[in-house]
Amino acid sequence: MAKLSAPSGFRDFLPDAFRKRAELMRRIREVYESFGFEGMDTPALENLQVFLGKGGGENEKLMFHVMKRGADLQRSLEKGGQELSDMALRFDLTVPLARYYNTHRAELPAVFKRYQIGPVWRAERAQHGRFREFIQCDVDVLGSASMQVEAEVILATSTALAKLGFSGLTVRLNSRPLLNLLVRSFGIGDEHVAAAFVGIDKLDKVPPEEVKKELLEKGISEAAAAALLAFSAATKTSASAALFDDVSKRTGEAGARHIAQLKEVLALTPELPSGKLVFDPFLARGMDYYTGPIFEIASEGVPFSLAGGGRFDGLVDKIASGKDPAPLPDGRPGGVPACGFSIGFERVLLLMEEKGLFETASRAADVLVVVPSADAAAEALKLGVELRAAGLRADVYPNAGKPVPQYELAQKKGIPYAILADPEKLKSGTLEIRDLATRQNTPVPRAELAQWIKGKLGMIP
RNA sequence: GUGGCUGUAGCUCAACUGGUUAGAGCGCCAGACUGUGGAUCUGGAGGUUGGCGGUUCAAGUCCGCUCAGCCACCCCA
């Protein structure tokens with residue numbers, strides 16, 4: 001039994017898993033770049049003030065704090081142990097983006113489309129599909145209030161998931177301010193809106209009676225809870241168009257603008273390559289920084305979402321001033337408009353494993369040069385150079401010895417071909433390529449080795 | 001963060017109600033044989049029973065703490 005292990009919720013990745021992860025990230029990145037999103041990055045740590053009170057919701061409680069150091073720490077301890085930390089690990093990629101935009105605004109285009117793939121950290125108890133360190137893949141557009149942005153980040157995310165082999169997914173769409181109005185329309189006051197969101201969010205997993213019980217426990221009146229749940233039940237079966245009418249009746253004038261936005265998003269979004277886009281008036285999301293449309297992708301039979309996002313106008317301004325920017329004359333939120341969508345990489349990968357969506361096992365290299373004896377080593381290394389120059393990934397076994405263990409290692413690493421650097425054969429100029437799966441040898445002139453393998457591997461168009 | 005379940009060789013597991021030097025299969029290593037691999041034979045290494053402490057004449061088996069995994073809650077990617 002290993003005495004040491006990574007901390008709870010943190011993981012090591014063996015070469016095989018690492019290859020898979022890198023390959024998936026590469027595919028997602030390619031899709032993002034095909035949309036014109038630009039890559040960028042921010043540090044793992046931010047100054048604490050960047051995170052505090054910026055709408056991270058519950059996640060702010062789950063931050064990994066970094067303690068002050070040296071004299072600063074001493075001073076804080078002497079003051080009674082208050083404010084012991086001054087930095088924290090990022091818990092998402094959105095709040096740091098707002099800080100980043102603030103810092104570099106002058107150097108960035110007026111409309112900034114970016115993608116970022118990187119780890120975030122949350123101090124929760126680890127569970128199936130939940131880790132303390134996990135990768136998120138975000139696309140965001142800053143500087144445009146157009147619903148075109150919503151359509152585009154939804155399309156980009158759906159395309160990325162399609163590229164990984166997903167289909168039949170549902171992207172649920174709602175609006176944070178609309179949900180707010182809807183919840184209030186049942187007579188639920190400001191102080192209970194958050195609790196109502198949490199309850200609402202559970203409706204697809206927990207029976208309504210349970211949710212009602214919870215709502216009551218949180219101080220929501222019997223009448224309000226009953227009305228809310230009755231409405232929810234009634235809308236369960238409605239089609240999108242009717243749903244909008246139902247919600248419209250309850251939210252009236254104030255809700256009209258948000259409904260119009262959602263209809264616009266639906267109208268603007270092309271057919272999605274990995275699923276469909278639907279309006280769900282009860283979709284709620286944890287982050288408080290959302291100010292407009294919100295969206296989420298769930299997969300059936302899995303108790304967690306694969307991706308989530310929404311519009312967060314004004315977050316950039318809030319980072320700087322600590323308060324929400326003044327709303328525009330027409331009631332829309334002021335400040336820098338922004339909207340993004342985040343893929344939960346770990347959950348996507350977990351689901352792919354459960355569904356067996358990995359179509360091809362990746363290989364560590366294309367070919368292994370087998371070194372049967374020390375006097376063949378120099379030629380073997382040279383052969384490796386030649387194969388690499390020809391565009392192959394060539395692994396030269398790092399120790400001369402019996403071929404058998406070398407073949408076995410190659411097979412373990414998923415390497416499909418081996419070339420035995422036999423001194424006699426090297427002299428003759430024709431070597432044998434061994435297909436490790438079939439164990440068939442094929443003699444091929446040294447100069448044509450790479451071409452032969454590339455042909456077999458489909459690397460020649 | 002709260003609560004529950006689990007933790008024995010690299011892997012999968014065994015060891016009656018606490019009782020002698022903790023076992024098996026697979027894997028691994030060496031040798032024989034082969035002589036560019038999945039066979040066979042022989043032999044071998046490897047465990048402070050996650051860690052620390054306690055109860056007991058005696059603990060893998062009981063208790064406490066701790067670490068890790070899983071599950072529920074909380075919440076979420």
Side-chain angles (χ1 to χ4, degrees), chain A residues 1-12 14 28 56-64 90-94 116-138 157 161 194-195 197-199 201-202 205-206 210 214 217-218 283-288 295-299 302-310 340-351 368-373 376 397 401-412 417-425 431-443:
Chain A
M1 207 72 202
K3 293 198 169 171
L4 297 175
S5 61
S8 176
F10 292 74
R11 296 159 299 158
D12 293 321
L14 293 170
I28 293 170
E58 288 293 318
N59 287 330
E60 283 181 16
K61 295 178 196 157
L62 303 175
M63 278 191 296
F64 279 106
R90 65 189 184 204
F91 56 81
D92 72 4
L93 299 177
T94 305
Q116 184 177 10
I117 297 174
V120 302
W121 295 268
R122 290 180 197 173
E124 347 177 46
R125 191 69 79 86
Q127 228 173 295
H128 184 66
R130 314 177 55 175
F131 306 97
R132 275 137 101 98
E133 177 179 60
F134 58 98
I135 302 284
Q136 288 195 325
C137 311
D138 283 33
T157 299
L161 292 173
F197 280 4
V198 172
D201 217 23
K202 287 186 193 167
K205 296 177 222 162
V206 180
E210 299 259 336
E214 242 186 81
E217 274 166 17
K218 285 180 177 160
L283 170 69
R285 293 196 40 75
M287 306 299 179
D288 300 332
F295 19 87
E296 185 169 291
I297 303 179
S299 174
V302 193
F304 47 68
S305 57
L306 297 178
F341 209 161
S342 176
I343 296 178
F345 183 79
E346 316 296 344
R347 295 178 169 184
V348 162
L349 201 144
L350 208 68
L351 207 61
L368 175 77
V369 177
V370 174
V371 188
S373 55
Y397 194 84
K402 291 183 182 174
V404 172
Q406 303 187 36
Y407 291 136
E408 286 174 347
L409 180 80
Q411 200 137 47
K412 266 187 192 164
Y417 295 102
I419 298 174
L420 182 75
D422 180 74
E424 294 301 314
K425 297 263 169 58
L431 294 163
E432 295 205 320
I433 298 178
R434 186 174 181 81
D435 181 325
L436 291 165
T438 65
R439 301 187 181 187
Q440 296 296 309
N441 288 353
T442 309

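Lettering follows sequence order; numbering is per chain, from 1.
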Engineer: Could you give the OH-to-C1' distance, from A:Y407 to B:U34, as a whole number of Å?
Structural biologist: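 A:Y407 atom OH is separated from B:U34 atom C1' by 15 Å.
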Engineer: Let me know the distance between CG of A:L283 and P of B:C76, rounded to the nearest Å.
Structural biologist: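 Atom CG in A:L283 sits about 11 Å away from atom P in B:C76.
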Engineer: Paired with B:U49: which nucleotide, if any, by Watson-Crick or G-U wobble criteria at under 3.5 Å for both distances?
Structural biologist: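 Pairing partner: none.
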Engineer: When you get a sec, tell me which of B:A72, B:A77, B:G37 is the closest nucleotide to the side chain of A:E408?
Structural biologist: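 That would be B:G37.
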Engineer: For the pair made of CG in A:D92 and P in B:A77, what is the distance, rounded to whole Å?
Structural biologist: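 So the two atoms are 8 Å apart, to the nearest Å.
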Engineer: Give me the distance, rounded to whole Å, that separates B:U21 from B:G37 when you measure between the P atoms they each carry.
Structural biologist: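 Those two atoms are separated by 47 Å.
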Engineer: Can you tell me how far P in B:A30 sits from the matching atom in B:G46, rounded to whole Å?
Structural biologist: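 B:A30 and B:G46 have their P atoms separated by 16 Å.
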Engineer: Look up atom CZ in A:R132 and atom CZ in A:R125, then write down how far apart they are to the nearest 0.5 Å.
Structural biologist: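 Nearest 0.5 Å value for the CZ-CZ distance: 8.0 Å.
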Engineer: Strictly by Watson-Crick or wobble contacts shorter than 3.5 Å, is anything paired with B:A68, and which nucleotide is it?
Structural biologist: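 Base partner found: B:U6.
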Engineer: For B:A59, what is the paired nucleotide under Watson-Crick or G-U wobble rules, both distances under 3.5 Å?
Structural biologist: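 Pairing partner: none.
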Engineer: Which nucleotide, if any, forms a Watson-Crick or G-U wobble pair with B:G35, using both distances under 3.5 Å?
Structural biologist: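 Paired with no nucleotide.
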Engineer: For A:P7, report the nucleic acid contact type (base, sugar-phosphate, nothing); a contact means any heavy atom under 4.0 Å.
Structural biologist: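 Result for A:P7 = sugar-phosphate.
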Engineer: Under 4.0 Å, counting only non-hydrogen atoms across every strand here, what does A:S8 touch: a base, just sugar-phosphate, or nothing?
Structural biologist: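 The residue A:S8 makes sugar-phosphate contact but no base contact.
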Engineer: Compare the aromatic ring of A:F345 with the six-membered base ring of B:A77 and state whether they stack according to the 5.5 Å and 30° rule.
Structural biologist: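 Base of B:A77: not stacked against A:F345.
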Engineer: Could you check whether any side-chain heavy atom of A:V120 comes within less than 4.5 Å of a side-chain heavy atom of A:F134, counting everything from C-beta outward?
Structural biologist: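 A:V120 reaches A:F134 side chain to side chain.
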Engineer: Send over the distance from A:L431 CG to B:U36 P, rounded to a whole Å.
Structural biologist: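 Checked: the CG to P distance equals 15 Å.
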Engineer: Just how far, in rounded Å, is P of B:C75 from CD of A:E214?
Structural biologist: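 Distance check: A:E214 CD to B:C75 P gives 7 Å.
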Engineer: Examine B:G69: is either OP1 or OP2 under 4.0 Å from a nitrogen or oxygen in the side chain of A:R11? Give yes or no.
Structural biologist: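 Result: no.
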Engineer: When you measure from the centre of the six-membered ring of A:Y407, is the NZ or CZ of A:R434 under 6.0 Å away and within 45° of the axis?
Structural biologist: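 Flagged: A:R434 positioned over aromatic ring of A:Y407.
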Engineer: Measure from the side-chain heavy atoms of A:V198 and tell me the nearest of B:C75, B:G3, B:A77.
Structural biologist: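 Nucleotide nearest to A:V198's side chain: B:C75.
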Engineer: If the test is side chain to side chain contact (heavy atoms under 4.5 Å, CB included), which one of A:T157, A:L161, A:I135, A:I117 qualifies with A:I28?
Structural biologist: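 Option passing the side chain to side chain contact (heavy atoms under 4.5 Å, CB included) with A:I28: A:I117.
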Engineer: With rounding to the closest Å, how many angstrom separate the C1' atoms on B:A14 and B:U8?
Structural biologist: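 About 9 Å, rounded to a whole number of Å.
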Engineer: Is there a donor N/O on one and an acceptor N/O on the other, under 3.5 Å, for the side chain of A:R130 and the base of B:C70?
Structural biologist: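 Answer no: no donor N or O sits under 3.5 Å from an acceptor.
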Engineer: Name the closest nucleotide to the A:R347 side chain, picking from B:C74, B:U36, B:C76.
Structural biologist: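 The listed nucleotide nearest to A:R347's side chain is B:C76.
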Engineer: Compare the minimum distances between each of B:G38, B:A72, B:C75 and the side chain of A:K218, then state the nucleotide with the smallest one.
Structural biologist: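 Selected nucleotide: B:C75.
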Engineer: When you get a sec, tell me which of B:A68, B:C76, B:G37 is the closest nucleotide to the side chain of A:R122?
Structural biologist: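 Nearest to the side chain of A:R122 among the choices is B:C76.
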Engineer: Looking only at non-hydrogen atoms, find the nearest pair between A:A418 and A:V370 and report the distance.
Structural biologist: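 Reported closest heavy-atom pair: CB-CG2, 4.0 Å.
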Engineer: Give a yes or no on whether the backbone of A:L306 and the side-chain of A:R347 come within a donor-acceptor separation of less than 3.5 Å.
Structural biologist: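 Judged by distance alone, no pair lies under 3.5 Å.
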Engineer: Assess whether one donor atom and one acceptor atom, taken from the side chain of A:E124 and the base of B:A77, lie less than 3.5 Å apart.
Structural biologist: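 Yes.
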Engineer: Within the pair A:S5 and B:C67, is there a side-chain N or O less than 4.0 Å away from OP1 or OP2?
Structural biologist: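 It does not, given that no N or O in the side chain of A:S5 lies less than 4.0 Å from OP1 or OP2 of B:C67.
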Engineer: Which one, B:A68, B:G38, B:A72, comes nearest to the side chain of A:R125?
Structural biologist: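 That would be B:A72.
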Engineer: Atom CD1 of A:I297 to atom P of B:C76: distance rounded to whole Å?
Structural biologist: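 For the pair A:I297 CD1 and B:C76 P, the rounded distance is 18 Å.
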Engineer: Please give, in whole Å, the distance from B:G37 P to A:R439 CZ?
Structural biologist: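 A:R439 atom CZ is separated from B:G37 atom P by 7 Å.
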Engineer: Relative to the 5' end of RNA chain B, which residue comes earlier, A:A437 or A:A6, by the nucleotide with the nearest heavy atom?
Structural biologist: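 Of the two residues, A:A437 wins.
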Engineer: Quick check on RNA chain B: between A:L436 and A:G9, whose nearest nucleotide comes earlier from the 5' end?
Structural biologist: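 Per heavy-atom nearest nucleotide, the more 5' residue is A:L436.
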Engineer: Measuring only the P atom in each nucleotide, how far is B:G54 from B:A58? A whole number of Å is fine.
Structural biologist: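 Each nucleotide's P atom is 12 Å from the other's.
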Engineer: What nucleic acid atoms does A:N441 come within less than 4.0 Å of, heavy atoms only: base, sugar-phosphate, or nothing?
Structural biologist: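 Base contact.
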Engineer: Could you work out the separation of B:U20 and B:U2 based on their P atoms and round it to a whole Å?
Structural biologist: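 Pairwise P distance, B:U20 against B:U2, rounds to 39 Å.
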Engineer: Between A:F197 and A:A284, which heavy-atom pair has the shortest distance, and what is it?
Structural biologist: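 Result for this residue pair: O-CB, 3.9 Å.
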Engineer: Any idea which heavy atoms bring A:L431 and A:K425 closest together, and the distance?
Structural biologist: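 Taking every non-hydrogen atom into account, CD2-CB, 3.7 Å.
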Engineer: Rounded to whole angstrom, note down the P distance from B:G23 over to B:C16.
Structural biologist: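 Rounded to whole Å, the distance is 14 Å.
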Engineer: Name the pairing partner of B:G27, where a pair is Watson-Crick or G-U wobble with both distances under 3.5 Å, or state none.
Structural biologist: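 Check on B:G27: unpaired, no WC or wobble geometry under 3.5 Å.
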Engineer: How far does the P atom of B:G7 sit from the matching atom of B:U49, given to the nearest Å?
Structural biologist: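 Roughly 15 Å separates the two P atoms.
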Engineer: What nucleotide, of B:A77, B:U36, B:C74, holds the atom closest to the side chain of A:S305?
Structural biologist: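 The answer is B:A77.
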Engineer: Could you tell me whether the phosphate oxygens of B:U36, OP1 or OP2, come under 4.0 Å of any side-chain nitrogen or oxygen in A:Q406?
Structural biologist: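 It does not, given that no N or O in the side chain of A:Q406 lies less than 4.0 Å from OP1 or OP2 of B:U36.
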Engineer: Quickly work out the A:F64 CZ to B:G1 C1' distance and round it to whole Å.
Structural biologist: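 To the nearest whole Å, that distance equals 12 Å.
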Engineer: If we call it a pair only when both distances are under 3.5 Å in a Watson-Crick or G-U wobble match, what pairs with B:C73?
Structural biologist: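 Pairing partner: B:G1.
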Engineer: Please state the C1' separation for the pair B:G60 and B:G47 - nearest whole angstrom.
Structural biologist: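 It works out to 11 Å between them.
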